[in-house]
2 protein chains.
Amino acid sequence: MRKKITLKDIARELEVSISTVSKALKNSEEIGRDTKEKVQAFAKLYNYRPNNIAISLKNKHTKNIGLIIPDIVHYFFTTVFRGIEKYANSRGYNVIACLSDASFDKEVINMEMLANGSIDGFIMALSSETQEKSDYNHLREVTEQGIPLVLFDSTTDEIECDKVVIDDEQIAYEAVKKMAGSGKKRIALFSTGAHYNVNKARTKGYLRALVDCGLEVDEKLILELPPEKNIDIIDPFLESNSIDAVLAVNEITAIHAMNLARKKGFRIPEDISFIGFTDGLLSKYAQPSLTAIAQHGDQMGSIAAHMLIERIESENEEEEEPVFQTKVIEATLIERDSTIN
Amino acid sequence: MRKKITLKDIARELEVSISTVSKALKNSEEIGRDTKEKVQAFAKLYNYRPNNIAISLKNKHTKNIGLIIPDIVHYFFTTVFRGIEKYANSRGYNVIACLSDASFDKEVINMEMLANGSIDGFIMALSSETQEKSDYNHLREVTEQGIPLVLFDSTTDEIECDKVVIDDEQIAYEAVKKMAGSGKKRIALFSTGAHYNVNKARTKGYLRALVDCGLEVDEKLILELPPEKNIDIIDPFLESNSIDAVLAVNEITAIHAMNLARKKGFRIPEDISFIGFTDGLLSKYAQPSLTAIAQHGDQMGSIAAHMLIERIESENEEEEEPVFQTKVIEATLIERDSTIN
DNA sequence: TATCAACACGAAACCGTTTGCGTAGTTATA
DNA sequence: TATAACTACGCAAACGGTTTCGTGTTGATA
């Protein structure tokens, strides 16, 4: 077992001081040619690499980004992760990912754990429980310590920090308008709980489109689905409301409903159209393929990482109150066979 | 901005020494009641938390696990990640996740980056390029330094370390046997390249089942699919080989083929059966639902994390040569509508 | 009253770096 | 030849903790 070599080891071996070694490896002008060459050769031979932890302690930055998301077995978050990781890596950062698992407590614990020096900044999407409780003290705690924070997807107005979101309202509006435009009159909205900030925006867009298209707003057409086992609810709903289009706030619900509708003998998209949020694998490979709203997770991720790293690396200079920004990414409607084109 | 407080700050404020503060916070017997209470109260008031980096430097462990996987936008890896994260968290570890993106170079760079003190051990799945090149020097580098490593899913015999895999051969065998048992004679195998170690095992199981069931082994029935754009290949293949069953090494390929077959008018599962590796969302929500091989990613993840952490934490004691183990997880065939049950 | 534990705390080393500053030794200048 | 100016390097502090060991004070014991 060839243990890692340190500056001290090199210094002892070469009979020079630690600082000489350090400077020699940095090609400092202070050190003479011969010594530099000797040290560099030795370091290369023994494959010397500076210890990240020691450097972190000294420089007070870790080159680590903390990422806290509700779930990872989830197409959208997965693409965001990829976007973050790729960008962060290109700037020499690594990402420590924690799953809050939709739990407020885990979110808090994870943040506290990482906030004690492990990371230079956070990127996070609020868990549903946190949104329900509207308790953002853990976020405040972190920002007050001067740790940069970027919120994405599910954010909150109560915390001042950089944010990157998609225009949920606008794209929901467009989706509904598209279906209305192809003659649909009874357009349903499948939601997953009003406490999700994104759901609120989507509902708003849905409603606005209805009004703009001169369609009746029927509260009964807005279906609130609990997290799991929606079948029992969707099935009778489909029966009784003579709906001819559905906008679903997530992919699974959309596919689920579409499968159910097909089994009931509805023709898609003629009898009933479907559009779902998240343009994942399910949408692509469904039969018929599902018209979907692409949230551009990769892009969101890389933008979030960019904003965060800029903030981290500019922290030294600026002393004045920072001015935060919210980047809005345009979602895209990917038209497939579940809608009339 | 309320900066983080240090031991030194407390010591200065309370006019005691740093070591007294440190001991008092640990409730050391050495320190008197009064001082302890005073220090603890002060620490609580100012929300003192020890700096993780400083502790890491001193204790020579980071409580971080490095995870390197080819991709994260991928159901199986995603579940493994969740399994690792959950278990690791329960033992006070965080996970730093890097994506090798199927690239040998990124895999090497990421490992080197993390190996310089950032992590206590690695969990990884080899990238396809690494398997192709059969170049495992970066792994050797790491293990020789005494950094624990656990390989999962795509492993190699060339590196001695702990491993956790599923019995790919056996489950492929069972899958084929099941289809043969329901009368299928011309069973195809859709693979994605022989350099993947898992594919080799699956092919072996497929072949063995064919022999055991007295079916003809026809090389033409083994289809090697390039990573993307398989449509052009699958379509004519389906036409010309009068196959009546397919075992696909991944979910997407299986769904893809199934959709194609349906469009061609095949009845599923009567005319043609399908089984795919990875029991993800696609399998569940496909029409018809796809019989799939569950790889139990969560379980693999938590076992891998367990093995790694045990290895990390036992390192101090043992000095003798460690004895490595390979845990084999049993895969499960999830029967759905794409096969005759 | 001298001796000695027990108690309560501080000094200092250490983990692996970085970096400002001091200083021998050499060379150039006056 | 005395002085100035470099050159090339080492010392030591600092980052924020942990931990070993030493020591001054107190009270009990002989």
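Just so it is clear: chains get the letters A, B, ... in the order the sequence lines come, proteins before strands, and each one is counted from 1. Every value quoted in this text rests on a predicted model; they were computed, and no experiment measured them. Note that these values count all heavy atoms, side chains included, but never hydrogens, waters or copies made by symmetry.
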Give the first and the last nucleotide of DNA chain C, reading 5' to 3', that has any atom under 4.0 Å from a heavy atom of chain B.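 Extent of the interface on DNA chain C: dA8(C) to dG16(C).
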If you look at every heavy atom in [X] and [Y], which pair is closest and at what distance?
X       : Y       : result
N52(B)  : S118(A) : ND2-OG, 2.8 Å
V142(A) : A115(A) : CG2-CB, 4.1 Å
S17(A)  : A11(A)  : C-CB, 3.8 Å

For the helix from dT1(C)-dA30(D) to dA30(C)-dT1(D), how many degrees between its two end axes (five pairs per end), to the nearest 10°?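 The angle separating the two end axes equals 80°.
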Would you kindly say whether S127(A) and T130(A) are connected by a side-chain donor-acceptor distance under 3.5 Å?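 Looking only at side-chain atoms, T130(A) and S127(A) do form a donor-acceptor pair, the distance falling under 3.5 Å.
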Testing the 3.5 Å rule here: is there a donor-acceptor pair between the side chains of N197(A) and Q131(A)?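 Short answer, yes.
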Do any pairs count as a salt bridge (charged side-chain N to carboxylate O under 4.0 Å, His left out) and have a residue in residues 120-139 of chain B, sequence neighbours left out, and if so which ones?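 Pairs touching residues 120-139 of chain B that pass the test: none.
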Which pairs pass salt bridge (charged side-chain N to carboxylate O under 4.0 Å, His left out) with one or both residues in residues 137-155 of chain B, sequence neighbours excluded?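 Every salt bridge (charged side-chain N to carboxylate O under 4.0 Å, His left out) pair that includes a residue of residues 137-155 of chain B, provided the two are not neighbours, is R2(A)-E141(B), R2(A)-E144(B), R140(B)-E158(B).
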Would you kindly compare V16(B) and K58(B) by the position of their nearest DNA chain C nucleotide and give the one closer to the 5′ end?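 Counting from the 5' end, the first nearest nucleotide belongs to V16(B).
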Taking 4.0 Å as the cut-off, does a side-chain nitrogen or oxygen of K8(B) come that near to OP1 or OP2 on dC15(D)?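 Looking at the OP1 and OP2 atoms of dC15(D), one of them is under 4.0 Å from a side-chain N or O of K8(B).
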With a 4.0 Å cutoff (strictly under), does any side-chain N or O of Y48(B) reach OP1 or OP2 of dG16(D)?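 Checking Y48(B) against dG16(D): no side-chain N or O falls below 4.0 Å of OP1 or OP2.
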Between [N] atom [atom2] and [X] atom [atom1], what is the distance in whole Å?
X      : N       : atom1 : atom2 : answer
I53(B) : dC15(D) : CD1   : C1'   : 11 Å
K4(B)  : dG17(D) : NZ    : C1'   : 14 Å
I5(B)  : dG16(D) : CD1   : C1'   : 13 Å
L57(B) : dT19(D) : CG    : P     : 14 Å
K60(A) : dG17(D) : NZ    : C1'   : 12 Å
I55(B) : dC15(D) : CD1   : P     : 17 Å
R49(B) : dG17(D) : CZ    : P     : 12 Å

For F81(B) and F77(B), I'd like to know if the aromatic rings sit close, meaning centre-to-centre distance below 6.0 Å.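 Centroid distance F81(B)-F77(B): not below 6.0 Å, so no.
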Which pairs pass ring pair (Phe, Tyr, Trp, His ring centres under 6.0 Å) with one or both residues in residues 108-147 of chain B, sequence neighbours excluded?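 Residue pairs with at least one partner in residues 108-147 of chain B: F104(B)-H138(B).
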For the residue pair T78(B) and R82(B), establish whether any side-chain heavy-atom pair is separated by less than 4.5 Å.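 The answer is no, as the side chains (C-beta and beyond) never meet within the 4.5 Å cut-off.
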Working to the nearest 0.5 angstrom, can you tell me the gap between K23(A) NZ and I31(A) CD1?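 Going from the NZ atom of K23(A) to the CD1 atom of I31(A) covers 6.0 Å.
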Pick base, sugar-phosphate or nothing for S19(B), based on heavy-atom distances below 4.0 Å to the nucleic acid.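 Answer is base: heavy atoms of S19(B) come under 4.0 Å of a base.
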Do S17(A) side-chain and dC11(D) base share a donor-acceptor contact under 3.5 Å?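 When only heavy-atom distances are counted, S17(A) does not reach the base of dC11(D) through any donor-acceptor pair under 3.5 Å.
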Below 4.0 angstrom, which residues in residues 21-47 of chain B have at least one non-hydrogen atom near DNA chain D?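 Residues of residues 21-47 of chain B under 4.0 Å from DNA chain D: S22(B), K23(B), K26(B), E30(B).
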Sole candidate of F152(A), Y93(A), Y87(A) that passes ring-ring contact (aromatic ring centres under 6.0 Å, His included) when paired with H306(A):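 Of the listed residues F152(A), Y93(A), Y87(A), the ring-ring contact (aromatic ring centres under 6.0 Å, His included) partner of H306(A) is Y87(A).
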